[in-house]
Each structure stands twice: as C-alpha cells, then as structure tokens.
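All values below come from the heavy atoms of this structure, side chains included, with hydrogens, waters and symmetry mates left out. None of these values were measured; they are calculated from a predicted model.
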Amino acid sequence: AGIVLACADWNAWIIYSLLILVFLPYYVRTGVSTMPEFLERRYNSTCRYIFAIASVAGFIAAINAGALYSGGIMLDSFFGDDLSRVLPKIVLGGKEVSPVVLYIVFFAITTGVYTIYGGLKSTAWTDFMQIIILLFVGFLVPVLALQHAGDMTQFIRDHNEHFQVFKPPTHKPFPFTGVFTGFLSVGIWYSCTSQHMVQRVLAAKDEWHARVGVVCAGFLHVILPLFFIVPGIIAFKMFPTLPHPDQAYLVLVRELIPTGLKGLLLAGMAAALMGHVATVLNSASTIITLDLYKKLSRREVTEKQQVRVGRWSGVVVLAASIWIAIIFTQQPDTTLFEKIQTVLFFIAPPFAVVFTLGILWRRANAPAAVVTMTLGFAFSWALLQFELLGRFNTFNHRALACWLFCMIVMILTSLSTTPPPKEKTDGIIWNKSYLSLPPEERAKYRGVKDWRLWWGIFVGIVLAIYALFLWYRFQHPW
C-alpha cells in the first residue's frame, strides 16, 4: 500500500478538529459519562442498547482482537521458535498450535490481569510510559533503515505507487475518494463517539486540558508515519521476499536495532499494545456494566456488584478477543490493517450519522434514529455481501455509500414523523458558545497557552504535507 497508510494518521486533523470544536465541549459541559447514555437522553433506550451492543462487538472483533494479533506477531518475530524449546508441542483437533497463538494468549492474560484489577489508572500510566519509550527509541528504526537501504532514488522510480497518497477511485483498497471521506463515518465514530476514546477526554482536569490533549495527540499523528509506515516501505526494498507485510516493521527491528535497545523498544511496543487493549477492556466493561447490566437489572445494584460485573465482563470480552485474534492467524492473505478497517467501516456509518445529527439538528428524533441504525446495518451488509459497488467496492467506499444512505434515511424519517419533545432537546443541542473555552478558562489560558494557536500550527503542518504529495502526484502520474 505504501505511504497512503499514513493518511490514517494525517487525517486526524479533520477528526480532531470536529472533536475539539463540536463533540468535546459538548460532552464536558453536558456531563455525559458514557456514549450510550447520550443516545438515551437524546433519543430513547433502544438506541442506547443498540449502540452499547454494537460498540462492544466492535471493540472485540476489531480493536482488541487486532491488538492481540499484533502482539502475537511481534513476540513471534522476536523470539521465533524459542517457545518450542521451553514448552512441548500442543495439538488441538489434530493440528499443532502455532507459537503465534500461544503468544496471543500470553499477551492477553498479562494485559488482562493488571487491567481488570487496576482499572483506568493503570492504563493511563502504561500509555504515559510507552509514549516516552517509543519516541526516544523508536526513531532509531527509520534512521537505521535509511542508512542500510542506501540510495532510494531508483527504488522510488521503480515503485512510484508506494509513494502516492492520491490514488485513483478504482484503486483497491485505498482510493483517494475513500481515504479522504473516512472521517465522516469511522473518524467520527471511533474518535468522537467511541467510549474508549471519549473517556480519556472526560478524565481531563478541565476543558482546556482536554482540548490541548487532543492537539498534542494530533502532533503525534503527524510524526507516527515516520516511525511505522516509512520503515515498512524500506523493508519492502530490503526484504522483497518477506512472507507477510504485517512482519515488515518487526523484521527491521530484529535485524537493525542493537540488542539492548531492541529489548527497550520491544518493551515500548508491548506497552503500547497492552495500553490499547487495557483501554478497550475498561471501556467495554464500563458499557456492559452501566449501559446493559445496571439499566436492565430490575433491582437496585450496589457499587460492589457493579465492580464484580465489570471484572467478569472484562474476562468475557478478553476471551472473545482471543478467539477472534486466533481466527486472524488463519487468514494470512489479508493484512491486519484491512481486517480491522473492514470491521470498523461496517459498524461506523449509522452511529456517525445518529450522533452528528443528534447533536447538531433539533429535529432529529428517536424513531428516525432507530430506523437509521437498523436499515444502515442492513444496507452495509448488502453492500458487502453482493458487492453492489462493482469495481469501486472497497471498505471505505462502502462506508461512504452507507453514510450517505443513513443521512438520507435519518433526515427523511425525522421530517415525516413527530418532532422530539422539548425536554429531549433543551440543553442538549450544540451551540456556538462551545467553540471557545468557558470565560474563566479563556482568561487563564492566553498567549502561548491558547489552544487555538497550537491547533492552527497542527492543521497547517498537515495541509503542507498534503500539498507536497499533491504536487508529487502531478509530477509523477501512474
């Protein structure tokens, strides 16, 4: 795929701008604690339950399973067959269990133990430590890779497609018409309405810290492709016979990084994946406990019971994630990135529409939200099952088509049914005052502390990067 994968990071300027200007201040000022809670307040309990179940399914099938699979591949790339020297061969169903599967189980158990008992605080410390390690050690991978790769000029000429961001609409799987419209569906759902992302915002000291935290994350997204995407392209030059693209970065680490630093980087990568799994486990447990168990329980639920349910639900989510991660190991022809994106782009469009119109449009009502969710998933399934988009059939084009379909259904159904009662919209619709900080915070954080200054710099950098690749596209057509 090449450098186009970096757009998943660089497009954060669009998504994070929406988060900072629309969703974040709304969540902070209205006191919403979970995303399903918002859907019940704005629409009805049916929407809450649909979103809760779909979110947990997405957490399991894509985010957690993908992270566990990555962890298994990482440990297998570093240690190879060393595990076989310690443990006897394990045979299930007449087939030998691969080391990757055992590493997945090990990774899941070690992460689950400290997450289920440590909660969000342990996750925050893991995130903090892994960022420091990856930033200070991870930059060695692209630097050493460039040194060992030698002159890249001829390689760039011979493989021009790997350095194109703006690819034709018929390209599979990364047409520019899909790459730059993904924010409408997955971008909004994953970064602006997904519990495991929003809970970090809600944990901020105040609104300024929440906004600046998002901006800092945006700057990290600017440089992340240098750490992971660029080395992957170089690995294609250095190791053209690599059996699977998911191993590219890890092979570079194993071959180029000195032994001591290799262990430190391995620890950082493991911490990053563990932090990711931990955050999702916490979010899934929160949703299951507060939005399903507590709401559906017919009796009073004590805090102790909630904690117990949260821990056991974390165990169940982790077990399901392990199972799907093991299924991923049996699909070597598809990259992990595509597996995850296919799931996310299937789930996201109906919820992105329902949340966006629920916040911005007073006329959106509960019947329309339920119909949109139901028909949206049916339409997304039909697009995937029957390949209705023909030669334009990619996961991002299907998401765009489903988003447009859901938007039309939501608007038409809302206009043809009874408007929502006043109590459903009073104090819950976004207004222009959310664009700026509350007055007391605005007075406190001025000058170089003004979040708008750093947000503007972040957006300017990304737009300059895209301008460079647009120029390259016209200079090197293919």
Side-chain angles (χ1 to χ4, degrees), residues 1-24 127-146 152 156 162-167 174 176 178-184 186-188 190-192 194 197 200-201 204 208-234 248-249 252 265 268-269 271-273 275-276 337 340-341 396 448-473:
I3 199 67
V4 68
L5 291 174
C7 292
D9 286 299
W10 293 334
N11 280 349
W13 80 272
I14 308 173
I15 301 161
Y16 284 175
S17 294
L18 290 173
L19 179 58
I20 289 174
L21 299 174
V22 178
F23 292 91
L24 183 154
D127 286 349
F128 176 70
M129 295 304 298
Q130 59 96 354
I131 284 293
I132 293 176
I133 294 173
L134 289 181
L135 284 179
F136 284 95
V137 182
F139 83 96
L140 287 176
V141 177
V143 171
L144 294 176
L146 285 170
M152 294 282 290
I156 294 174
H162 288 288
F163 299 90
Q164 296 282 3
V165 167
F166 299 91
K167 300 195 175 188
F174 300 110
F176 82 93
V179 168
F180 290 97
T181 56
F183 75 92
L184 293 171
V186 170
I188 291 177
Y190 184 83
S191 295
C192 300
S194 182
M197 295 291 286
R200 302 184 183 202
V201 171
W208 179 85
H209 283 86
R211 296 196 192 210
V212 172
V214 174
V215 173
C216 290
F219 280 107
L220 286 176
H221 278 292
V222 172
I223 63 174
L224 276 178
L226 177 66
F227 288 86
F228 299 105
I229 309 300
V230 172
I233 297 174
I234 297 172
Y249 183 84
L252 285 177
L265 184 57
M269 294 169 65
L273 290 172
H276 198 63
F337 184 84
I340 293 175
Q341 296 304 307
N396 37 41
V448 293
K449 291 185 178 181
D450 192 327
W451 66 270
R452 294 171 296 183
L453 169 66
W454 299 103
W455 172 66
I457 295 172
F458 159 56
V459 172
I461 291 173
V462 177
L463 292 180
I465 292 172
Y466 278 141
L468 174 64
F469 280 101
L470 186 61
W471 170 84
Y472 183 83
R473 178 71 177 87

Check whether any side-chain heavy atom of [X] lies under 4.5 Å from a side-chain heavy atom of [Y], and answer yes or no.
X	Y	result
F219	I457	yes
F227	V141	no
F228	D9	no
I234	M152	yes
L5	F174	yes
V165	F180	yes
W13	I461	no

Could you give the distance from [atom1] ([X]) to [atom2] ([Y]), rounded to the nearest 0.5 Å?
X	Y	atom1	atom2	answer
R452	L21	CZ	CG	10.5 Å
L19	R211	CG	CZ	9.5 Å
D450	W455	CG	CH2	11.0 Å
I3	I233	CD1	CD1	4.5 Å
L470	L463	CG	CG	11.5 Å
L184	N396	CG	CG	12.0 Å

When the ring planes of [X] and [Y] are compared, do they come out parallel, tilted or perpendicular, using 30° and 60° as the limits?
X	Y	answer
W10	Y466	perpendicular
F469	Y472	perpendicular
F458	Y16	tilted

Backbone N/O of F183 and side chain of N11: donor-acceptor pair under 3.5 Å: no
Under 3.5 Å donor-acceptor, W208 side chain and K449 backbone: yes
Heavy-atom pair with the smallest gap, counting every atom of G187 and I15: O-CG2, 3.3 Å
Contact summary for P231 and L252, nearest pair of heavy atoms: O-CD1, 2.9 Å
